[in-house]
Amino acid sequence: MAGLATVLGSGAMTNSIGEIADAKCLLVIGTNPTETYPIIGYEMRRAARNGAKLIVANPKTIELGRLAGITINHKTGTDVSLLMGMMRVIVDEKLFDRQFVETRCENFDALKSSLAGFDLDVVSKTTGVSGETIAAAARLFATTKPAGIYYSMGITQHSHGTDNVMAVANLALLTGNIGKPSAGVNPLRGQNNVQGACDVGALPNVFPGYQRVDNADLRKKFETAWGCVLRPEPGLVLTEIFKAAHEGKVKALYLLGENPVLSDADSKEVMEGIEKLEFLVVQDIFLTETAVHAHVVLPAASFAEKDGTFTNTERRVQRVRKAIEPVGESKPDWQIVCEIARRIAAGGPPAA
């Protein structure tokens with residue numbers, strides 16, 4: 001989200017799933033779509049059958065690699081070096097889309113300068129991939145259009161994940177593969193409504209619609225609409241929350257549909273943070289590994305027990321209707337939140 005918003009202004013797929021089959025080149029990096037995104041994986045196989053050239057970059061061997069013209073098994077954590085090395089080849093050999101760069105991009109000279117330390121010898125030693133393979137991938141991607149880039153948590157869930165995403169976006173811009181059918185920068189989201197949650201503002205630095213909290217004019221608009229005073233400082237992301245809890249800066253935590261004891265990388269830090277909390281509320285459909293440590297567990301409703309929408313990775317909003325009524329005392333998440341707000345005398349109408 002942060003990387004794409006910085007480079008392109010929006011943190012979502014620039015193209016649709018249906019366009020994949022008509023691509024002439026696909027760079028698939030840090031993702032295993034045939035296993036984790038089967039519909040998208042199927043479309044990629046269709047593209048290959050239609051003659052598309054596949055470049056698969058992944059530290060491990062994946063099924064899609066069997067269809068790839070170029071397979072890159074680089075060392076884990078060297079994605080930035082790989083991508084910068086590809087861009088260095090494209091710039092040095094003048095394979096970039098000069099007209100697109102001159103008319104649609106900014107700071108090209110700064111990008112060129114940043115590539116100075118990424119010659120093929122250095123990149124090859126860093127990534128463990130031969131310079132010839134990196135150069136071949138760069139040439140294929142730059143000269144075969146339209147070309148789309150697809151990635152997921154294999155490159156985002158790193159300490160340098162934002163840099164990885166910015167490098168991916170810069171590669172697409174450098175080759176003019178933005179704003180065209182079957183091209184673009186296409187992140188594959190980690191769960192089925194992550195995109196929808198981000199769209200409605202479930203991020204610490206933006207309001208709904210990705211309107212920044214540190215923008216005074218935008219903040220004033222929401223203060224007027226909501227009848228409150230809002231802080232200008234962005235909040236904490238999930239990993240920062242547990243560090244702050246461990247330091248005694250966060251004293252109470254309300255988790256909805258999240259199981260950080262199991263899903264976060266540093267489970268030890270999570271547990272230490274939880275132990276320091278004065279009050280923990282977990283709202284979930286199961287008694288999760290995190291919920292067993294909660295002072296209060298609120299029973300939420302599953303997807304089959306509530307009406308609403310899911311927004312998928314290509315930003316398609318899909319309406320869902322409940323199949324059964326919520327079981328026992330469980331309620332939809334929004335209704336639980338509204339009932340809590342009503343009991344602490346917050347404004348707004350009562351939950352229906």
Side-chain angles (χ1 to χ4, degrees), residues 1-23 25-48 52-68 71-72 74 76-77 79-80 82-83 141 146-158 160-173 177-199 202-203 210 238 263 265 309-318:
M1 185 63 68
L4 280 191
T6 300
V7 180
L8 302 179
S10 176
M13 286 179 70
T14 62
N15 294 69
S16 67
I17 295 171
E19 297 173 43
I20 296 173
D22 295 321
C25 181
L26 298 176
L27 171 57
V28 182
I29 180 169
T31 187
N32 187 1
T34 55
E35 286 194 14
T36 54
Y37 307 95
I39 294 174
I40 291 173
Y42 171 76
E43 293 296 329
M44 289 178 175
R45 286 196 291 261
R46 279 186 61 198
K53 307 298 184 183
L54 267 61
I55 304 168
V56 173
N58 200 306
K60 70 176 185 177
T61 300
I62 62 172
E63 182 198 2
L64 199 63
R66 294 188 295 105
L67 303 177
T71 301
I72 300 172
H74 55 300
T76 300
D79 308 281
V80 168
L82 171 65
L83 294 164
F141 186 80
I149 305 177
Y150 296 83
Y151 67 89
S152 61
M153 290 178 284
I155 68 167
T156 59
Q157 292 194 350
H158 288 270
H160 53 279
T162 301
D163 294 329
N164 286 341
V165 174
M166 293 176 72
V168 163
N170 284 332
L171 177 59
L173 290 169
N177 280 299
I178 291 289
K180 299 172 182 176
S182 301
V185 180
N186 302 287
L188 309 179
R189 305 313 296 266
Q191 293 177 329
N192 62 347
N193 204 23
V194 169
Q195 187 65 53
C198 294
D199 291 347
L203 293 165
Y210 305 100
L238 186 64
S263 61
T309 63
F310 287 93
T311 305
N312 76 350
T313 193
E314 67 173 358
R315 296 181 285 180
R316 185 182 299 277
V317 180
Q318 301 166 100

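Just the heavy atoms: all of them, side chains too, but no hydrogens, waters or symmetry mates, feed the values below.
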Q: Just by distance, do the side chain of Thr156 and the backbone of Gly161 share a donor-acceptor pair under 3.5 Å?
A: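 No.
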Q: Going by atom types only, do Tyr210 and Asp199 share a side-chain donor-acceptor pair under 3.5 Å?
A: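 Yes - a donor-acceptor pair under 3.5 Å links their side chains.
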Q: Does some side-chain heavy atom of Arg45 sit less than 4.5 Å from a side-chain heavy atom of Glu63?
A: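 Glu63 vs Arg45: side chains touch.
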Q: Determine whether more than 12 heavy atoms belonging to other residues, nucleotides or ligands lie under 6.0 Å from atom CG of Leu238.
A: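 Yes - once you tally the heavy atoms of other residues, nucleotides and ligands closer than 6.0 Å, there are more than 12.
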Q: Just wondering, do Leu173 and Asn170 contact through their side chains at under 4.5 Å, heavy atoms?
A: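 A side-chain contact exists here, since the closest heavy-atom pair is under 4.5 Å.
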Q: Measure the CG-CD distance between Asn312 and Gln318 for me, rounded to the nearest 0.5 Å.
A: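 So the CG of Asn312 and the CD of Gln318 are separated by 4.5 Å.
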Q: Working to the nearest 0.5 Å, report the span between CG of Leu82 and CG of Leu171.
A: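 With rounding to 0.5 Å, CG (Leu82) is 9.5 Å from CG (Leu171).
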Q: Can His158 and Asp163 be said to form a side chain to side chain contact (heavy atoms under 4.5 Å, CB included), step by step?
A: CA-CA 9 Å; His158 288 270; Asp163 294 329; over 6 Å; no
Q: So how far is it from Tyr150 OH to Leu27 CG, rounded to the nearest 0.5 Å?
A: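 If I round to the nearest 0.5 Å, the distance is 10.5 Å.
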Q: Check each of Asn32, Leu188, Ile17 against Tyr37 using the side chain to side chain contact (heavy atoms under 4.5 Å, CB included) test, and report the only one that passes.
A: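 Result for side chain to side chain contact (heavy atoms under 4.5 Å, CB included) with Tyr37: Leu188.
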Q: So which atom in Tyr151 and which in Val165 form the shortest heavy-atom distance, rounded to 0.1 Å?
A: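 For Tyr151 and Val165, the tightest heavy-atom pair comes out as OH-CG1, 3.4 Å.
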Q: What's the spacing between Glu35 CD and Ile62 CD1 if we round to 0.5 Å?
A: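 Rounded to the nearest 0.5 Å, the CD-CD1 separation comes to 8.5 Å.
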Q: Within the distance-only criterion (no hydrogens, no angle test), does the side chain of Thr14 pair as donor or acceptor with the backbone N or O of Val185 below 3.5 angstrom?
A: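 Yes, Thr14 side chain to Val185 backbone: donor-acceptor pair under 3.5 Å.
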Q: Determine yes or no for a side-chain-to-main-chain donor-acceptor pair under 3.5 angstrom, with Asn164 supplying the side chain and Ile155 the backbone.
A: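 Yes, because the side chain of Asn164 sits within donor-acceptor range (under 3.5 Å) of the backbone of Ile155.
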Q: State, yes or no, whether a side-chain contact exists between Asp79 and His74 at a heavy-atom distance under 4.5 Å.
A: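 Asp79 vs His74: side chains touch.
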Q: At what distance, to the nearest 0.5 angstrom, does CZ of Arg189 lie from CZ of Arg315?
A: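 These two atoms lie 10.5 Å from each other.
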Q: Are any of the side-chain heavy atoms of Asn193 and Thr311 separated by less than 4.5 Å?
A: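 Answer yes - side chains close enough.
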Q: So, do Asn186 and Ile40 sit near enough that their side-chain heavy atoms are less than 4.5 Å apart?
A: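 Asn186 vs Ile40: side chains apart.
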Q: Looking at Gly30, is its backbone amide N or carbonyl O close enough to the side chain of Asn58 to form a donor-acceptor pair, meaning the two atoms are under 3.5 Å apart?
A: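 No, because the side chain of Asn58 does not come within donor-acceptor range (under 3.5 Å) of the backbone of Gly30.
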Q: Under the criterion side chain to side chain contact (heavy atoms under 4.5 Å, CB included), I'd like the reasoning laid out for Asn177 against Ile149: C-alpha separation, chi angles, the key distance, then a yes or no.
A: CA-CA 9 Å; Asn177 280 299; Ile149 305 177; over 6 Å; no
Q: What's the shortest heavy-atom distance between Ala23 and Ser182, and which atoms?
A: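 Scanning both residues, the minimum pair turns out to be CB-O, 3.5 Å.
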Q: Write down the atom of Gly65, the atom of Thr71, and the distance for their closest heavy-atom approach.
A: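 So the minimum-distance heavy-atom pair works out to O-OG1, 3.6 Å.
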Q: Quick one: closest heavy-atom pair of Glu43 and Ala21, and the distance?
A: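 What the structure gives for the nearest pair is OE1-CB, 3.6 Å.
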Q: Specify the closest pair of heavy atoms between Gly184 and Ile178, including all atoms of both residues, with the distance to one decimal.
A: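 Smallest heavy-atom distance, with atoms named: CA-CD1, 4.1 Å.
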Q: Kindly compute the distance separating CD1 (Ile39) from OG1 (Thr313), expressed to the nearest 0.5 Å.
A: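 One gets 11.5 Å once the value is rounded to the nearest 0.5 Å.
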Q: Taking all non-hydrogen atoms of both residues, which atom of Asn15 and which atom of Glu314 are closest, and how far apart?
A: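 Closest approach of Asn15 to Glu314, heavy atoms only: O-CB, 4.4 Å.
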